[in-house]
Amino acid sequence: MESKESDIPKEQIFRLFDDKPTSGLSFLDFSEKPLPPPPPCREVLDSEVSKDVKYNVEPVNVGGLTLVKGRVNTQEVFALANSDLVPGKYEGGLKLWEGSLDLITALSSEIKDGRLSFSGKQVLELGCGHGLPGIFACLKGASTVHFQDFNAEVLQCLTIPNVIANIEKNSQHSASHVEGPTNIETRFFSGDWSEVDRLLSCHQPDQASGYDVILMAETVYSISALPNLFKLITKCLRNPDGVVYMAAKKYYFGVGGGSRRFLSVVEKDGVFASSLVAEVADGSSNVREVWKLHFK
Ligand SMILES: C[S@@+](CC[C@H](N)C(=O)[O-])C[C@H]1O[C@@H](n2cnc3c(N)ncnc32)[C@H](O)[C@@H]1O
């Protein structure tokens, strides 16, 4: 029988997450305990897809497309040799959070209303987990999509298989409404936001470097991680035309982060302007929002 996240003792796995797989309402914080150092950041290659973890696909209808997402047995992932998924080192990427779907729905509206195009763009999805928003960008014509997750295992067991499955599915059907993918560059990077910038398209002295669009869903729950996340965005977003789309709950119970808390960091810095793109109050969780940031 397939195990659920809730079958595994919370303190063994989750630093921050509620064990109710469907509510997405609250987060738990074990941060009083000293945390082990983060796993080292590195590029994870397509060839590193795990063959030891069973990957079953299921459809997800979102943003006018049917995407597919994998379902893996969490215990199999945790049992992988050399796994980093030990207490204090897992950040929730094995579950698909509602914010990812809110983000795709919002991106789809932005495209329809002529406010966004992925065509030929360089895109980064931060804290990707399943990576569905980044995959959506692939299918909408992005030229480059880089996926970042805290845990290499998430990339190996879910993100890369999801990217392959969706790109294969859409190339086979070659539907006329799908603009991509043609010669798209997809790369995968694991590691903490405090140091992963050295692997990403940042830091080049010329202003042409950086990403046109940065996507992130459900990444702003931990107050202590917000400064590093914000710093990373400022290093990686193409100046002056880059945009960030962020989906998050307005407030995460138990840990204190949320979209508004992150926006206070943004406002204090003063470099970006922000606008609310969508609000979702469907009763399934705390109010969720999608925000857009751009250089002032
Ligand atoms: C709640 S999960 C969201 C996953 C996915 N975006 C979704 O909405 O389904 C949070 C993600 O943020 C990333 N994350 C959290 N803290 C991080 C940190 N300090 N450094 C790097 N990534 C981090 C992890 O990769 C994790 O997958």
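For ligands, and for the atoms within them, numbers begin at 1 and follow the listed sequence.
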Any N or O on F150 sitting closer than 3.5 Å to an N or O of ligand 1?
yes
I need the atoms of ligand 1 closer than 4.0 Å to a non-hydrogen atom of G191, numbered in the order shown.
20 (N), 21 (C)
With respect to H130, determine whether any N or O atom, backbone or side chain, lies less than 3.5 Å from an N or O atom of ligand 1.
no
Strictly under 4.0 Å, does any heavy atom of G99 approach an atom of ligand 1?
no
Taking N or O atoms only and a 3.5 Å limit, does T219 qualify as a polar contact for ligand 1?
no
Test item, Q148 contacting ligand 1 (heavy atom, 4.0 angstrom):
yes
Using a strict cut-off of less than 4.0 Å between a Lys/Arg side-chain nitrogen and an Asp/Glu carboxylate oxygen, indicate whether E110 and K292 qualify as a salt bridge.
yes
Test your reading of the structure: does A225 have an N or O sitting under 3.5 Å from an N or O of ligand 1?
no
Counting heavy atoms only, which of Y252, W193, Y221, F147 comes nearest to atom 23 (C) of ligand 1?
W193
Shortest heavy-atom approach to atom 3 (C) of ligand 1 - which of G131, A217, S190, S194
A217
Nearest option to atom 13 (C) of ligand 1, as decided by whichever heavy atom of S100, C128, G127 sits closest:
G127
Salt bridge or not for D282 and R288, using N-O below 4.0 Å?
yes
Between the side chains of E267 and R260, is the shortest nitrogen-to-carboxylate-oxygen separation below 4.0 Å, so that they form an ion pair?
no
With a 4.0 Å cut-off on heavy atoms, is K95 in contact with ligand 1?
yes
